[in-house]
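When reading the values below, keep in mind they use all heavy atoms of this one structure, side chains included, and skip hydrogens, waters and symmetry mates.
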Amino acid sequence: MHTLWKGSISFGLVNVPVKMHAATESQDFKFNYLHKECQNRIRSIKKCPICDIEVDTVDLVKGYEYEKDRFVVLSEEDLASLEQPMSRSIDILDFIDLKEIDPIYYEKSYYLSPEETALKAYRLLCQAMEESGKVALARVTMRSKQHLACLRVFEQGLVMETMHYPKEIRHMDGVGEHIVLTEAEMTMARQLIDNLARPFEPEKYHDELREQMASLIEGKVTGETFKVEAPTKGRKVVDLMEALRASIALTEKEKDQLEGKTVAKTSARTKAKTTDKAEVKTNNDTDSNLEQPSDEKPKSSLTPRKRTTRRAKGA
């Protein structure tokens with residue numbers, strides 16, 4: 001993984017040198033604007049509408065619009081005076097319970113991997129945090145901006161989540177506070193939630209729109225046609241109780257099927273443990289020969305082309 005930043009985690013008198021890596025990546029497709037006639041890229045032009053001339057980057061200044069069409073200009077010297085001093089330290093402020101942090105505060109995730117000289121200190125911090133059930137609230141400066149951050153154990157290592165400050169969080173007004181719900185409605189709603197409750201299996205969720213976009217692009221490249229099937233529309237239900245009853249009836253069947261599959265898997269695992277390995281292999285081979293070929297079109301493996309930004313190059 002590309003290293004974005006190098007520094008250390010500091011708590012008390014302990015200092016753990018670490019490297020920072022991006023924990024997530026965008027899977028969105030990036031498009032370029034082309035000239036319709038010749039299909040070449042167009043270039044962005046900075047033009048002043050008053051002077052009616054093209055402006056170079058060196059002729060631009062930063063301005064803040066404090067009133068409609070009224071700006072105050074900030075020079076590079078003004079901005080430099082506010083820059084945080086270069087810091088290579090992730091300073092832990094407090095250890096708290098993870099459940100106390102609402103997910104709305106999270107901004108972006110980064111992996112923190114140890115330097116070779118800090119493996120023991122890194123493992124000590126991970127294990128101590130995991131056994132205590134605590135996460136660390138920290139302060140870190142990156143690209144001249146100070147961030148609030150949360151450090152937690154993830155997949156036997158540390159991940160750092162940069163966080164929004166409280167003033168950056170918008171608050172909702174009271175929604176439907178005057179609405180009175182009946183006990184029958186609440187009972188059915190709880191039953192519906194219970195029917196839809198599942199263990200979290202992240203691999204079963206996928207971006208259907210992105211997969212359709214990948215197939216569309218592949219079809220364009222190979223000259224094939226592509227058709228998106230229209231989603232089926234559910235019937236319109238006006239009455240809340242009727243909607244709850246219909247939903248419960250639908251999910252009850254799905255819940256029973258899911259429980260049946262779980263029981264079948266458990267029985268199969270138990271049976272497999274008591275069966276000779278050679279016999280299991282033979283049965284598996286026989287089952288594979290009985291499988292019918294699938295007519296389902298394989299999912300697209302097209303991956304958006306990664307771009308190296310100037311910021312990443314200079315990190």
For residues 128-139, please give each side-chain donor-acceptor pair under 3.5 Å, one per line with the distance, not counting sequence neighbours.
residue	atom	partner	partner atom	Å
Glu131	OE2	Gln127	NE2	3.2
Ser132	OG	Ala128	O	3.0
Ser132	OG	Met129	O	3.1
Ser132	OG	Lys134	N	3.3
Lys134	NZ	Asp97	OD1	2.8

Return yes if some donor-acceptor pair links the side-chain N/O of Arg170 with the main-chain N/O of Lys167 below 3.5 Å, else return no. no
Would you say the side-chain atoms of [X] and [Y] include a donor-acceptor pair closer than 3.5 Å?
| X | Y | result |
| --- | --- | --- |
| Ser10 | Asn15 | no |
| Ser113 | His21 | yes |
| Thr182 | Glu185 | yes |

Do you know which two heavy atoms are closest between [X] and [Y], and how far apart they sit?
| X | Y | answer |
| --- | --- | --- |
| Ala149 | Met160 | CB-CG, 3.7 Å |
| Trp5 | Val140 | CZ2-CG2, 4.1 Å |
| Ile96 | Glu100 | CB-OE1, 4.3 Å |
| Met163 | Glu107 | O-OE1, 4.0 Å |
| Val73 | Asp78 | O-OD2, 4.3 Å |
| Leu4 | Tyr110 | CD1-CE2, 3.7 Å |

For the hydrophobic clusters of this structure (ILVMFWY residues joined by side-chain heavy atoms under 4.5 Å, transitively), does one cluster hold both [X] and [Y]?
| X | Y | result |
| --- | --- | --- |
| Val153 | Ile101 | no |
| Phe71 | Ile50 | no |
| Leu181 | Leu192 | no |
| Leu98 | Ile169 | yes |

Does Glu161 come within less than 4.0 Å of Arg152, counting only side-chain N to carboxylate O? yes
Hey, mind stepping through Arg245 and Met188 against side chain to side chain contact (heavy atoms under 4.5 Å, CB included) and telling me if it holds? CA-CA 7 Å; Arg245 290 192 189 95; Met188 297 185 74; 3.0 Å; yes
Decide if atom [atom1] of [X] counts as having more than 12 heavy atoms of other residues, nucleotides or ligands within a radius under 6.0 Å.
| X | atom1 | value |
| --- | --- | --- |
| Glu203 | CD | yes |
| Tyr165 | OH | yes |
| Lys99 | NZ | no |
| Tyr66 | OH | yes |

Quick one: side-chain hydrogen bond (donor to acceptor under 3.5 Å, both in side chains) partners of [X], sequence neighbours excluded?
| X | answer |
| --- | --- |
| Arg190 | Glu183 |
| Gln191 | Glu252 |
| Glu201 | none |
| Thr57 | none |

Atom [atom1] of [X] and atom [atom2] of [Y]: how far apart are they, to the nearest 0.5 Å?
| X | Y | atom1 | atom2 | result |
| --- | --- | --- | --- | --- |
| Leu148 | Leu93 | CG | CG | 7.5 Å |
| Thr162 | Lys145 | OG1 | NZ | 8.5 Å |
| Asp194 | Thr251 | CG | OG1 | 9.0 Å |
| Gln146 | Thr141 | CD | OG1 | 5.0 Å |
| Leu158 | Ile90 | CG | CD1 | 9.0 Å |
| Tyr33 | His35 | OH | NE2 | 15.0 Å |

Provide the full list of salt bridge (charged side-chain N to carboxylate O under 4.0 Å, His left out) pairs with a residue in residues 44-54, sequence neighbours left out, each pair given once. Arg43-Glu54, Lys47-Asp52
Does a side-chain heavy-atom distance below 4.5 Å link Leu216 with Gln212? no
For residues Met142 and His147, determine if any side-chain heavy atom of one lies less than 4.5 Å from a side-chain heavy atom of the other. yes
Evaluation steps, side chain to side chain contact (heavy atoms under 4.5 Å, CB included), between Ile9 and Leu112: CA-CA 9 Å; Ile9 302 172; Leu112 299 177; 4.0 Å; yes
